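Notes follow once the structure below has been shown.
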Amino acid sequence: MYYKQYGNTDMKVSAIGMGCMRYNNDDINAGNLEKCSELVLYAHEKGINFFDTAPFYCQDKSEEITGMALSQLPRDSYYVSSKVNLGTLNNKFSPDEFRRRLETTLSRLKVDYLDFYYLWCMLDLKSFQKHFDTMYSSFEKAKEEGLIRNITFSSHMQGNDLEEVIKLDAFQGMLIGYNALNYRFRQSGIAAAYKKGMGIVVMNPLGGGLIPNNPDVFSYLSEGTDLTTVQAALRFVASHKEITVTLNGFSTKDHVDDAVKAVENLEEKPAAQIYEEYERKGIALNNLCTGCGYCLHCPKDIEIPKFMDAYNEKLLGNKLIDRLKFHWHIPASQAEECIACGKCERLCTQHLPIIERLKEIAQHA
Ligand code: SF4
Ligand code: SF4
């Protein structure tokens with residue numbers, strides 16, 4: 001296993017982390033949690049020492065399953081994270097509620113402290129600010145009491161919004177979605193976090209299944225290597241010098257083996273270099289939006305990259321409306337606002353027919 005330093009801390013973490021949200025559903029339904037927990041032990045045996053869980057994952061059993069395994073391991077041989085936000089507290093925040101939730105997590109995980117506790121799933125700056133103002137002091141108190149070691153946040157915001165959060169100097173690390181498909185969205189956020197000495201953990205390195213489900217489209221990632229497309233996509237993320245841990249959800253031991261192979265003899269490179277090399281290969285993305293953000297500043301404030309990202313899903317055989325609704329949380333009706341001024345199409349680095357695509361999306365409103 002390849003290990004990296006977590007930001008400015010002295011923690012040596014595995015380049016691949018286990019995202020504990022893909023335990024086998026049949027085993028969970030059958031109440032066979034012990035069997036699920038064996039996967040954690042197997043991953044640990046293979047050198048993975050970073051385990052990421054949360055309330056509600058796997059029918060709310062993930063923390064419990066993960067704890068069953070971690071309790072069999074020396075506490076200093078792994079790092080574990082969990083998450084909280086207002087939704088997790090039924091939108092009824094109080095310091096006591098926060099504390100109760102944290103204690104539940106600790107007891108399910110059978111640990112005295114969490115290495116990382118995330119302010120979970122910040123979708124935009126407005127929501128972040130509300131969460132920060134309400135909850136941050138409770139995080140600080142828990143840290144003072146030794147219940148959490150590092151305060152971190154997870155987010156779907158784009159690079160420039162991430163920068164605003166990073167500027168606060170309030171977090172030791174962040175968790176963001178990043179992969180070979182959306183890599184342009186978050187470059188500036190990644191650079192800013194790295195400069196601050198924060199740990200950067202990546203979720204969704206396989207594009208929510210887009211990459212494994214479309215191996216032909218993404219085969220160029222593995223060109224010249226003996227890696228599968230999935231392994232190459234994991235390696236793409238893990239090889240960023242700035243990225244500390246690449247989380248991968250495992251359901252089987254084969255998944256663990258795949259991920260371990262992906263970072264064998266890993267060579268770290270600065271994001272800028274990977275970006276440049278990748279841009280040269282990226283022609284294979286042809287009619288897909290790459291999230292570069294050049295089309296921003298629409299006079300009608302339409303969030304074009306998000307709409308075009310959803311359209312990617314359609315081109316790759318998935319449901320664009322699900323992406324808009326469940327990932328970006330924006331209504332298709334926003335696409336109706338387009339006045340066809342053409343500004344975005346002139347700027348689009350992929351020369352995409354944005355106006356036509358927005359019209360099509362508007363039909364889903
Ligand atoms: S064409 Fe539509 S989406 Fe593009 S900049 Fe103009 S109003 Fe915005
Ligand atoms: S400029 Fe084109 S490729 Fe870039 S984010 Fe906008 S729509 Fe996507």
Side-chain angles (χ1 to χ4, degrees), residues 123-125 155-164 176-192 202 204-208 210-211 214 217-218 220-221 233 236-237 271-272 274-365:
L123 292 173
D124 54 42
L125 275 179
S155 173
H156 292 290
M157 289 184 263
Q158 295 191 28
N160 43 351
D161 289 344
L162 288 173
E163 280 178 86
E164 294 302 313
I176 54 165
Y178 187 79
N179 54 58
L181 190 61
N182 74 2
Y183 69 103
R184 282 171 164 175
F185 273 123
R186 300 192 170 119
Q187 290 297 325
S188 61
I190 287 175
V202 160
N204 201 17
L206 302 177
L210 264 182
I211 296 174
N214 299 278
V217 180
F218 297 101
Y220 61 92
L221 283 169
F236 164 81
V237 176
I274 296 177
Y275 187 92
E276 203 182 294
E277 286 171 11
Y278 186 69
E279 286 296 282
R280 272 185 261 132
K281 289 184 180 181
I283 40 168
L285 290 172
N286 50 50
N287 60 354
L288 295 176
C289 166
T290 55
C292 65
Y294 279 85
C295 58
L296 288 170
H297 313 299
C298 159
K300 301 300 284 180
D301 289 331
I302 296 171
E303 299 180 88
I304 303 164
K306 294 181 181 173
F307 279 100
M308 293 304 109
D309 168 82
Y311 202 90
N312 280 351
E313 298 285 332
K314 177 197 151 135
L315 294 172
L316 296 168
N318 302 304
K319 288 200 174 133
L320 79 81
I321 205 69
D322 283 358
R323 182 78 171 171
L324 272 185
K325 222 166 156 179
F326 303 120
H327 184 79
W328 293 118
H329 303 267
I330 45 176
S333 57
Q334 200 192 102
E336 288 171 348
E337 302 285 311
C338 174
I339 51 166
C341 71
K343 187 176 165 196
C344 57
E345 290 194 355
R346 287 192 290 279
L347 295 170
C348 179
T349 52
Q350 296 281 95
H351 305 289
L352 300 180
I354 297 172
I355 300 171
E356 195 184 302
R357 289 184 181 184
L358 285 175
K359 267 193 202 147
E360 193 181 328
I361 294 171
Q363 286 167 8
H364 292 269

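If you read the sequence from its start, that first residue is 1, and numbering goes on from there. When a ligand or atom number is given, it counts from 1 through the structure's own listing order. Being a predicted model, the structure only gives us computed values, none of them experimental.
Put simply, the side chain of Lys314 never gets that close to the backbone of Ile361: no donor and acceptor are under 3.5 Å apart. Formation of a donor-acceptor pair under 3.5 Å by the Glu313 side chain with backbone atoms of Asn318 is not found in this model. No donor-acceptor pair under 3.5 Å is formed between the side chain of Glu163 and the backbone N or O of Ala192. One N or O on the side chain of Asn179 and one on the backbone of Asn204 form a donor-acceptor pair closer than 3.5 Å.
For the residue pair Glu345 and Ile355, the shortest heavy atom distance occurs at OE2-N, 2.8 Å.
In summary, no N, O or S atom of Cys348 is located under 2.8 Å from atom 8 (Fe) of ligand 2.
Considering only residues two or more places apart in sequence or on other chains, Ala362 meets the side chain to side chain contact (heavy atoms under 4.5 Å, CB included) condition with Ala335, Glu336.
Residue contact check: Met308 has heavy atoms under 4.0 Å from atoms 7 (S) of ligand 2. Shown in contact with Cys295 at under 4.0 Å from a heavy atom are these atoms of ligand 2, numbered in order with element: 1 (S), 5 (S), 6 (Fe), 7 (S).
Looking at Cys344, Cys348, Cys289 one by one, the single match for side-chain contact (heavy atoms from CB on, under 4.5 Å) with Ile304 turns out to be Cys344.
Counting only protein atoms, the N, O or S atoms lying less than 2.8 Å from atom 2 (Fe) of ligand 1 are Cys338 SG, ordered by chain and residue number.
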